[in-house]
Structures are given as C-alpha cells and as structure tokens.
Amino acid sequence: MVATVLHNLKHIQHEMNEACNLVERNPDEVRIIAVTKYVSTTRAQEAVDAGIIHLGENRDEGIVEKQSAINGEVAWHFIGTLQSRKVKNIIEKVDYIHSLDRLSLAKEIDKRATKKVKCFIQVNVSKEDSKHGMSEEEVIPFVESLQSFTNIEVVGLMTMAPHVDDEHTLRQCFKTLRNLKQRVQALSLPNCPCSELSMGMSNDYRIAIEEGATFVRLGTILVGNEE
C-alpha cells in the first residue's frame with residue numbers, strides 16, 4: 001500500500017522540527033517544495049490538498065500539464081536545467097527559477113519576462129562534472145553583471161550536494177553555499193536580496209536544514225515515484 005502524501009508529510013515535518021530545534025531555528029523558516037516530476041497530476045494534487053503550496057518541476061511540459069490541472073494556490077518552481085530556447089515556454093508560468101547559471105540565460109529571462117522573476121543562482125559547490133551550475137568563484141562577478149537586468153531578482157543560491165552518505169562531505173557542501181550567500185548579501189546590490197538557500201533533497205534534507213536551508217526539494221520521500 002502506497003503511503004499518502006499527508007502521512008509522509010507528517011513524518012517529514014517531525015524530522016524538520018527536530019533539525020531546527022537542534023540548531024535553534026524556527027521551523028517556519030523552512031519551506032518544502034514537492035518535486036512532482038515523477039508523479040501524476042493526481043498525486044501532485046494530493047500534495048496540494050495536504051497543505052503543500054510549493055511545487056517543483058524540471059521540464060517545461062511538466063509545468064504546463066500540471067498547472068492546467070491543479071486546483072489551489074500554488075507557487076511554481078522550475079528546478080531543472082533550463083535551456084534558453086525553453087524560457088519562453090515557462091516564463092509566465094513560474095514563480096521561481098532555481099537554475100540560473102549563465103549570462104545568456106539571464107538575458108533571455110530578462111527579455112521574455114513581463115514582471116520580476118525570482119531566481120536562484122545554481123552553484124556547483126561539489127565541482128562534479130555531472131552537475132550543472134557555476135563555480136563558487138564565478139558567483140559574485142555574475143551577480144554584479146546582472147544589475148542592469150530589471151526583470152531578474154536574485155533571491156538566493158541553489159546547489160545539489162553529492163549523492164553520498166558521508167555527513168561531513170554533505171555538511172561542507174551546504175556550509176560553503178551558506179557562506180557564499182552571506183558574501184553576496186554583504187554586497188547589498190539592488191535586485192539581489194539573496195536571502196534564500198535552496199538545498200537539501202530526500203536523502204540529505206535534515207543536514208541541509210541544520211546548515212541553513214530555507215527551501216528543501218523533496219520528491220521520493222514525500223510524493224513517491226510513479227515512473
């Protein structure tokens with residue numbers, strides 16, 4: 001029997017509360033993004049009915065399909081690699097983009113958007129060849145280059161940690177992103193509050209929360225996998 005999303009959510013919220021208590025954080029600072037790319041619209045609707053208001057998709061087709069069918073107030077997050085030619089398909093449909101990682105993409109977002117788009121800069125903290133994102137050293141020059149782009153708001157940074165069990169490795173990855181966020185914030189640049197950290201997934205979200213995550217992206221552990 002497949003567990004309901006509500007059942008899974010209650011367990012996750014208990015784990016989140018424990019993680020927050022451990023580092024004296026307010027659990028309200030951490031929001032769950034239900035990653036629905038591997039589940040049906042019905043299962044995504046179940047997440048919304050359980051009280052989840054943030055849904056994440058990694059394909060433009062997924063956003064279009066689910067958005068047209070989901071009932072309820074939802075903030076839509078595009079969390080996958082975004083090709084510049086696909087920007088026009090999703091730009092009016094999403095509230096957040098988690099994968100801004102190059103100037104050409106920023107130009108396309110700024111050109112296509114009719115309102116300010118909340119963007120996370122994707123950083124490849126782990127330096128893995130298989131992962132997208134810019135290097136830690138590239139972030140501040142990149143942020144500074146975005147100041148003339150009136151339709152982009154850099155709300156934070158995003159990373160994907162290595163898929164390993166070693167807690168020290170995971171913790172160092174998340175600490176690096178948090179420290180980088182603080183450096184960007186210290187610049188006090190317009191359109192760049194950089195107050196958010198999108199980090200932590202089903203296997204490492206507790207550690208990410210302890211290290212400062214404000215958004216965790218949960219798929220399998222929350223909504224399952226129907227593919």
Side-chain angles (χ1 to χ4, degrees), residues 2-39 46-56 58 74-75 77 79 95-96 98-99 118-128 131 133 136 139 154-186 192-225:
V2 178
T4 66
V5 174
L6 183 59
H7 176 271
N8 294 339
L9 179 61
K10 287 179 178 178
H11 172 72
I12 291 165
Q13 287 173 329
H14 175 73
E15 296 270 297
M16 289 174 63
N17 288 338
E18 284 192 341
C20 287
N21 289 338
L22 193 63
V23 292
E24 299 182 342
R25 290 188 67 190
N26 183 344
D28 292 340
E29 295 174 3
V30 188
R31 285 146 290 175
I32 296 170
I33 301 171
V35 179
T36 56
K37 62 182 178 179
Y38 294 128
V39 298
E46 188 183 337
V48 175
D49 293 343
I52 299 288
I53 61 172
H54 297 276
L55 296 186
N58 73 329
V74 174
H77 297 248
I79 59 174
D95 300 284
Y96 295 85
H98 287 243
S99 46
K118 296 176 180 177
C119 295
F120 288 84
I121 295 175
Q122 183 170 356
V123 189
N124 187 357
V125 176
S126 64
K127 301 178 182 177
E128 294 174 275
K131 286 187 168 60
E136 182 185 352
V139 171
V154 178
V155 296
L157 305 180
M158 181 275 246
T159 199
M160 296 176 66
H163 197 79
V164 297
D165 294 325
D166 181 55
E167 182 176 325
H168 176 75
T169 299
L170 296 170
R171 204 172 287 281
Q172 284 301 118
C173 179
F174 297 141
K175 281 182 178 176
T176 298
L177 196 71
R178 184 186 70 214
N179 292 337
L180 182 57
K181 183 203 78 164
Q182 292 169 346
R183 287 168 55 201
V184 174
Q185 278 184 302
C192 185
C194 202
S195 57
E196 309 287 355
L197 284 174
S198 172
M199 59 189 196
M201 298 167 68
S202 290
N203 63 309
D204 55 22
Y205 71 96
R206 280 195 60 147
I207 298 171
I209 290 169
E210 290 172 20
E211 296 300 336
T214 61
F215 282 100
V216 290
R217 308 180 303 273
L218 305 181
T220 307
I221 197 172
L222 176 61
V223 296
N225 184 335

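Considering only heavy atoms from C-beta on, Thr214 comes within 4.5 Å of Arg31 through its side chain. Contact check for Val125 versus Leu180: no side-chain heavy atoms found under the 4.5 Å cut-off. A 4.5 Å side-chain heavy-atom check between Val164 and Leu170 finds at least one atom pair inside the cut-off. Inter-residue side-chain proximity for Ile209 and Cys20 is flagged as met; some heavy-atom pair is nearer than 4.5 Å.
Listed by chain and number, the residues in a ring-ring contact (aromatic ring centres under 6.0 Å, His included) with Phe174 amount to none (sequence neighbours excluded). Here His7 pairs with Ala3, Thr4 under the side-chain contact (heavy atoms from CB on, under 4.5 Å) rule; sequence neighbours left out. Contacts of Lys131 classified as side-chain contact (heavy atoms from CB on, under 4.5 Å), with partners at least two apart in sequence or in another chain: Asn124, Ser126, Glu128, Met160. Judged as a salt bridge (Lys or Arg N to Asp or Glu O under 4.0 Å), and not counting sequence neighbours, the contacts of Arg25 are Glu29. Every residue meeting the side-chain contact (heavy atoms from CB on, under 4.5 Å) condition with Asp95, not counting sequence neighbours, appears here in chain and number order: Ala75, Trp76. Residues passing the side chain to side chain donor-acceptor pair (under 3.5 Å) test with His168: none are found, sequence neighbours excluded.
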Run the side chain to side chain contact (heavy atoms under 4.5 Å, CB included) test on Leu9 and Gln13 for me, step by step, so that the C-alpha distance in whole Å, both residues' side-chain angles and the decisive distance to 0.1 Å come before the verdict.
CA-CA 6 Å; Leu9 179 61; Gln13 287 173 329; 3.8 Å; yes
Begin from the C-alpha positions of Ser99 and Gln122 and carry the test side-chain hydrogen bond (donor to acceptor under 3.5 Å, both in side chains) through to its verdict.
CA-CA 5 Å; Ser99 46; Gln122 183 170 356; 4.8 Å; no
Run the side chain to side chain contact (heavy atoms under 4.5 Å, CB included) test on Met158 and Arg217 for me, step by step, so that the C-alpha distance in whole Å, both residues' side-chain angles and the decisive distance to 0.1 Å come before the verdict.
CA-CA 10 Å; Met158 181 275 246; Arg217 308 180 303 273; 3.5 Å; yes
Could you go through Leu222 and Ser202, starting from their C-alpha distance and side-chain angles, then the distance that decides it, and tell me whether this counts as side chain to side chain contact (heavy atoms under 4.5 Å, CB included)?
CA-CA 8 Å; Leu222 176 61; Ser202 290; over 6 Å; no
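Rounding to the nearest 0.5 Å places CG of Leu197 at 5.0 Å from CG of Leu177. The structure places CG of Leu218 at 12.0 Å from NE2 of His54, a figure rounded to the nearest 0.5 Å. Rounding to the nearest 0.5 Å places CG of Leu6 at 13.5 Å from NE2 of His11. Atom CD1 of Ile221 and atom CG of Asn203 lie 9.0 Å apart (nearest 0.5 Å). Expressed to the nearest 0.5 Å, how far OH of Tyr96 lies from CD1 of Ile33 amounts to 8.5 Å. The NZ atom of Lys181 sits 13.5 Å away from atom CD1 of Ile121, with the distance rounded to the nearest 0.5 Å.
Minimum heavy-atom separation, Val39 to Val223: CG1-O, 3.6 Å. When all heavy atoms of Ile79 and Gly56 are compared, the closest pair comes out as CD1-C, 4.1 Å. The heavy-atom pair separating Ile52 from Leu55 by the smallest distance is CG2-CD2, 4.2 Å. Nearest heavy atom pair, residue Thr159 against residue Val123, reads OG1-O, 2.6 Å.
In this pair, Phe215 and Phe120 present their aromatic rings perpendicular. The plane angle is above 60°, beyond the 30 to 60° band.
At least one donor-acceptor pair closer than 3.5 Å links the side chain of Asp204 to the backbone N or O of Met201. The closest donor-acceptor contact from the side chain of Thr220 to the backbone of Asn225 lies at 3.5 Å or more, if one exists at all.
No more than 12 heavy atoms of other residues, nucleotides or ligands shown are found within 6.0 angstrom of CG on Asp165.
Under the side-chain hydrogen bond (donor to acceptor under 3.5 Å, both in side chains) rule, Glu211 has a single partner from Arg178, Arg206, Gln172, which is Arg178.
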